[in-house]
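This report refers to the structure that appears directly beneath it.
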Amino acid sequence: MAKVLRSKVLGFCMGVKRAVDMAEEVLNENEGKEVFMLGPLIHNEQALQALYDKGLHLLSEEYIEERCNEKSIVIIRAHGTSPSILTRIEKTGARIVDTSCPRVKASQKRAASYSQDGFLVFIAGDLGHGEVLSISSYAGDKAIVFKDAEEAKTFFKTSELFQKNPRAFDKAILISQTTIRKEEYDAIIAVLQKKLPQIEVFNTICSATKERQLFLRELAHEVDGILVIGGRHSANTQRLLSLAQELSPHAALVEAVHEIPPEFFRLEKVGLTAGASTANKSIDEVEQKLLEANTI
Ligand code: SF4
């Protein structure tokens with residue numbers, strides 16, 4: 001194996017880097033205090049382990065009252081959380097460090113202000129995802145979530161309110177999960193604009209995912225195989241893997257160096273890309289391991 005090439009854009013996105021930097025700062029400045037993160041800060045076991053090693057504890061919502069007090073610090077992750085959870089933490093006296101990504105915050109604010117003005121807030125995304133849960137919570141009972149165009153079509157076919165009183169939908173906006181694929185969002189937009197021509201549509205897709213995919217396409221032309229470094233539970237890492245599999249006969253996802261498939265040590269040129277929650281350290285380790293094989 002002769003060469004390792006990195007994608008021009010890979011690894012931590014702005015929001016995840018900001019969240020990890022803030023968490024590290026809090027841990028460094030508050031030695032001896034109980035510092036919690038509400039849900040995993042990022043979808044990357046190695047990066048999480050590094051934070052656990054520095055004293056960070058994972059906190060589930062159901063234990064907020066039991067485990068937090070005025071001496072605790074609770075870190076809110078980049079996906080954000082709901083106003084009711086923030087209130088519950090505040091009531092315990094714990095200090096909140098909110099690392100919500102500014103792009104997610106912008107969607108939360110939009111959902112809150114439009115719903116207060118009587119607008120329905122349609123959200124395109126996965127209801128099980130932390131970011132969508134947090135954005136929809138800011139719109140309260142005005143939020144309606146679709147994961148794809150089919151769900152949107154079914155909603156309009158089956159909604160009694162829409163059949164009886166379509167005027168109730170006169171004021172409506174559409175925003176998306178920041179990591180939704182453009183094609184998926186376009187399909188949902190098409191369904192909603194057909195039913196609600198007056199709907200106000202906002203482009204809230206984050207460029208981080210798109211850029212990583214764009215530069216992976218470029219990299220694929222120059223290499224014989226692609227390693228995608230990142231967590232198996234990370235949606236954007238999985239998307240990179242499926243694209244890598246489309247583009248290259250050799251593609252694999254690795255969370256750590258020991259997972260590099262043996263065939264990659266025999267390739268002439270290996271390309272590296274990494275999900276938005278993959279730390280530089282993990283990328284460096286994989287690159288180093290491949291390069292070491294040259295010297296054996
Ligand atoms: S993918 Fe985009 S929206 Fe999500 S955390 Fe990263 S920068 Fe923020």
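First listed ligand is number 1; within each ligand, the first listed atom is number 1.
The main-chain N or O of N69 is found under 3.5 Å from a side-chain atom of S72 such that the two form a donor-acceptor pair.
Shown here are the ring pair (Phe, Tyr, Trp, His ring centres under 6.0 Å) partners of Y138, two or more places apart in sequence or in another chain: there are none.
In this structure, Y114 has its ring center under 6.0 Å from that of F202.
Judged by a 6.0 Å distance limit and a 45° cone about the ring axis, R67 is not positioned over the six-membered ring of F36.
Within a 6.0 Å sphere centred on NE2 of H233, other residues, nucleotides and ligands contribute 12 heavy atoms or fewer.
Around atom 2 (Fe) of ligand 1, the protein N, O or S atoms closer than 2.8 Å are C206 SG, listed by chain and residue number.
For the atom pair Q177 CD and R181 CZ, the distance stands at 13.0 Å (nearest 0.5 Å).
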